[in-house]
Amino acid sequence: MILTLTLNPSLDRTIEIGSLTRGAVIRAAAAHLDPGGKGVNVSRALLANQVRSCAVVPFGGDEGRQLVALLSAEGIDMIPVPVAGATRSNVTLAEPDGTVTKVNEPGTALSPAELDTLGGAVLDAAQSADWVVASGSLPPGVPVDVYADLCRRFTAAGIQVAVDTSGPALVEAVAAGPTLVKPNREELAEATGTPIMCVGDVIAAAGKLRAMGARSVLTSLGADGALLMEDDQVWYGECPVEARRSSVGAGDAMLAGFLAAGARGTRALAEGLAWASAAVGLRGSRMPAPADIDRSAVRIGAPDPAQPLVSGG
Ligand SMILES: Nc1ncnc2c1ncn2[C@@H]1O[C@H](COP(=O)(O)OP(=O)(O)OP(=O)(O)O)[C@@H](O)[C@H]1O
Ligand SMILES: O=P(O)(O)OC[C@@]1(O)O[C@H](CO)[C@@H](O)[C@@H]1O
């Protein structure tokens, strides 16, 4: 079972527009409301593909109750933890060519008592877990080493830990020796303080994260695919998408597919790429089901360090 923790979940509202014009009144073509948050999405993707997962989710206010209702409607196995602050709403403006502009609220602070309750829920549920996935941003007021602390506890107990976050929380978590981290290009560049313009830069930066403590580094690179570094091996892969609709949640789908396929080597990398590309072809932050996933377009091989990264970085 894969347990996910999302300290900062969200209601994800995706609004489909023709084009983004600042200062204008834009008449939306359609709108979608999805349950969101990075760990939540990992659990949603796993559920959609019949892989056992449980999501620990703080929720507050009418928005939090709506989040829990949406997750219940999807059949998510979850441990909802009531908190005082209202669950945030994040808005995506999606254009016909797949370009997305995203506005994420900071979320509301968690009190030390609420954080303790969440930590206890995770520790209890982790007793029957193979993996713990700590994923997403931290709400205001949460100590930056919260993922690192959980990482130390679980690795000491022999439970594998995956972390997908950014900034100081990622740097702190890496130092705690997680089994796996899943930064995107920008998060990797920020964590290592190195510009990332080509595949060789990704390899060097992922090597820095391993030297800092991470055991495996799965770096997602948007339209440029992904690079996996584990032990002394490196693989690069890509999976073109015919019709981009929304890349929101594609990294979460990648992590879910990678974990579902055993979280090591080219088979897991290929599955992560296939799930991620499927997510890009779906509206909003929908997670792919088996019927959405096409593995035939996945290409895996040795990286070419000189290959430039062409998607936005
Ligand atoms: N335009 C695209 N074409 C093909 N694949 C894409 C595209 N955008 C994203 N992907 C796939 O999705 C994966 C994750 O994308 P990205 O690197 O943007 O992750 P992310 O920033 O963590 O996403 P999110 O935080 O929204 O989950 C990529 O590694 C790639 O496999
Ligand atoms: O603010 P964070 O936690 O970094 O990201 C939150 C978020 O953008 O991540 C998911 C996509 O990965 C969305 O469901 C959600 O809105």
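Residue numbers count from 1 along this sequence. Each ligand, and each atom within it, is numbered from 1 in the order the structure gives.
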Legend entry - For ligand 1, the portion of Glu238 having any non-hydrogen atom under 4.0 Å away: neither
Legend entry - Asp252 neighbourhood, listing ligand 1 atoms whose heavy-atom distance to it stays under 4.0 Å: 27 (O)
Legend entry - Check: Ser285 N/O within less than 3.5 Å of ligand 2 N/O: no
Inset, instruction - Look at the side-chain heavy atoms of Ile, Leu, Val, Met, Phe, Trp and Tyr, link any pair under 4.5 Å apart, and say whether Val133 and Val217 land in one connected group. - result: no
Inset, instruction - Starting from the C-alpha separation in whole Å, work towards a yes-or-no answer on side chain to side chain contact (heavy atoms under 4.5 Å, CB included) for Val57 and Leu67. - result: CA-CA 9 Å; Val57 189; Leu67 172 67; 3.9 Å; yes
Legend entry - Interfacing atoms of ligand 1 (cut-off 4.0 Å, heavy-atom, Leu273): 31 (O)
Inset, instruction - Look at atom CE of Met1 and say whether more than 12 heavy atoms of other residues, nucleotides or ligands are closer to it than 6.0 Å. - result: yes
Legend entry - Protein heavy atom at shortest distance from atom 29 (O) of ligand 1: Gly225 O, 2.7 Å
Inset, instruction - Kindly say whether Asn184 contributes a backbone atom to a donor-acceptor pair with the side chain of Glu187 at under 3.5 angstrom? - result: yes
Inset, instruction - Pick, from Val241, Val248, Thr92, the option with the minimum heavy-atom distance to atom 5 (N) of ligand 1. - result: Val241
Inset, instruction - Please answer: with hydrophobic residues joined when any side-chain heavy atoms are less than 4.5 Å apart, are Val146 and Val81 in the same cluster? - result: yes
Legend entry - atom 5 (O) of ligand 2 - nearest protein heavy atom and its distance: Asn104 ND2, 3.5 Å
Inset, instruction - For atom 10 (C) of ligand 2, state which one of Leu255, Val40, Asn41 supplies the nearest heavy atom. - result: Asn41
Legend entry - Contact (N/O only, under 3.5 Å) between Gly36 and ligand 2: no
Inset, instruction - Please confirm whether Ser220 comes within less than 3.5 Å of ligand 1 when only nitrogen or oxygen atoms on both sides are compared. - result: yes
Legend entry - Interatomic distance, Ser137 atom OG to Leu170 atom CG [nearest 0.5 angstrom]: 13.0 Å
Legend entry - Contacting atoms of ligand 1, where contact means under 4.0 angstrom from a heavy atom of Val280: 6 (C), 7 (C), 8 (N), 9 (C), 10 (N)
Inset, instruction - Look at atom 1 (N) of ligand 1 and say which protein heavy atom is nearest, naming residue and atom and giving the distance to 0.1 Å. - result: Arg244 CD, 3.1 Å
Legend entry - Side-chain donor/acceptor of Tyr147 to backbone N/O of Gly136, under 3.5 Å: yes
Legend entry - Shortest heavy-atom approach to atom 1 (O) of ligand 2 - which of Glu105, Lys102, Arg88: Arg88
Legend entry - Nearest neighbour in protein (non-hydrogen) for atom 27 (O) of ligand 1: Gly251 N, 2.8 Å
Inset, instruction - Report yes if some heavy atom in the side chain of Ser43 is under 4.5 Å from a heavy atom in the side chain of Val40; otherwise report no. - result: no
Inset, instruction - With the side chain counted from C-beta on, respond yes when Met78 and Ser72 share a heavy-atom pair under 4.5 Å apart, and no when they do not. - result: yes
Inset, instruction - Pull out every atom of ligand 2 sitting under 4.0 Å from any heavy atom of Asn90, numbered as shown with elements. - result: 6 (C), 15 (C), 16 (O)
Inset, instruction - If you have a sec, work out which protein heavy atom is nearest atom 14 (O) of ligand 2 and how many Å separate them, to one decimal? - result: Asp12 OD2, 2.4 Å
Legend entry - Subset of ligand 1 atoms that lie under 4.0 Å from at least one heavy atom of Ala250: 12 (O), 14 (C), 27 (O)
Inset, instruction - Around atom 22 (O) of ligand 1, find the nearest protein heavy atom and jot down its residue, atom name and distance. - result: Lys182 NZ, 2.8 Å
Inset, instruction - List every atom of ligand 2 that sits less than 4.0 Å from any heavy atom of Asp252, numbering the atoms from 1 in the order shown and giving each element. - result: 10 (C), 11 (C), 12 (O)
Inset, instruction - Output yes when a side-chain donor or acceptor of Thr108 lies under 3.5 Å from a complementary backbone atom of Ala86, and no otherwise. - result: yes
Legend entry - Residue from Asn41, Thr14, Asp12 passing side chain to side chain donor-acceptor pair (under 3.5 Å) with Ser285: Asp12
Inset, instruction - Number the atoms of ligand 2 from 1 as they appear, then name those within less than 4.0 Å of a heavy atom of Ser10, with their elements. - result: 15 (C), 16 (O)
Inset, instruction - Record the part of Ser137 in heavy-atom contact with ligand 2 below 4.0 Å; permitted values are side chain, backbone, both and neither. - result: both
Legend entry - Lys38 touching ligand 1 at heavy-atom level, < 4.0 angstrom: yes
Inset, instruction - For Arg153, look at atom CZ and say whether over 12 heavy atoms of other residues, nucleotides or ligands are found less than 6.0 Å away. - result: no
Legend entry - Per-atom contacts, ligand 1 versus Ala276 - under 4.0 Å to a heavy atom: 11 (C), 12 (O), 13 (C), 31 (O)
Inset, instruction - Report the C-alpha separation of Arg13 and Leu11 in whole Å, then their side-chain angles, then the decisive distance to 0.1 Å, and conclude whether the side chain to side chain contact (heavy atoms under 4.5 Å, CB included) test is met. - result: CA-CA 6 Å; Arg13 185 171 298 279; Leu11 284 176; over 6 Å; no
Inset, instruction - Write out the residue and atom name of the closest protein heavy atom to atom 4 (O) of ligand 2, then the distance separating them to 0.1 Å. - result: Lys38 CE, 3.5 Å
Inset, instruction - Assess Gly37 for proximity to ligand 2: is some non-hydrogen atom of it under 4.0 Å away? - result: yes
Inset, instruction - Just go through Gly222, Gly281, Ala279 and tell me whose heavy atom is the nearest to atom 15 (O) of ligand 1. - result: Gly222
Legend entry - Atom indices of ligand 1, in the order listed, that fall short of 4.0 Å to a heavy atom of Ser247: 26 (O)
Legend entry - Residue part near ligand 1, for Arg185, under 4.0 Å between non-hydrogen atoms: neither
Legend entry - Sub-3.5 Å N/O-N/O distance, Met254 and ligand 1: no
Inset, instruction - For the pair Arg185 (side chain) and Asp224 (backbone), establish whether a donor and an acceptor sit closer than 3.5 Å, ignoring hydrogens and angles. - result: no
Legend entry - Check: Arg215 side chain, Leu180 main-chain N or O, donor-acceptor pair, under 3.5 Å: no
Legend entry - Cys239 contact mode with ligand 1 (heavy-atom cut-off under 4.0 Å): backbone
Inset, instruction - Could you please spell out the steps behind the side chain to side chain contact (heavy atoms under 4.5 Å, CB included) verdict for Leu209 and Thr192? - result: CA-CA 7 Å; Leu209 277 198; Thr192 56; 3.9 Å; yes
Inset, instruction - Taking only Lys NZ, Arg NE, NH1 and NH2, and the carboxylate oxygens of Asp or Glu, determine whether Arg264 and Asp231 approach each other closer than 4.0 Å. - result: yes
Inset, instruction - Of the side chain and backbone of Leu221, name the one, both, or neither that has a heavy atom under 4.0 Å from an atom of ligand 1. - result: backbone
Legend entry - Of Arg283, Arg245, Arg27, the residue whose pairing with Glu16 passes salt bridge (charged side-chain N to carboxylate O under 4.0 Å, His left out): Arg283
Inset, instruction - Report the C-alpha distance between Asp201 and Thr194 in whole Å, list the side-chain angles of each, state the deciding distance to 0.1 Å, and finish with yes or no for side chain to side chain contact (heavy atoms under 4.5 Å, CB included). - result: CA-CA 8 Å; Asp201 293 338; Thr194 51; over 6 Å; no
Inset, instruction - Find all atoms of ligand 2 within a distance of less than 4.0 Å from any non-hydrogen atom belonging to Gly249, and give their numbers and elements. - result: 11 (C), 12 (O)
Inset, instruction - List the closest protein heavy-atom neighbour of atom 21 (O) of ligand 1: residue, atom name, distance to the nearest 0.1 Å. - result: Asn184 ND2, 3.0 Å
Inset, instruction - Could you list which atoms of ligand 2 come closer than 4.0 Å to a heavy atom of Gly136? - result: 3 (O)
Legend entry - Cationic N near anionic O, under 4.0 Å, Arg295 to Glu271: yes
Inset, instruction - Flag Gly249 as yes when one of its N or O atoms lies below 3.5 Å from any N or O atom of ligand 1, and as no otherwise. - result: yes
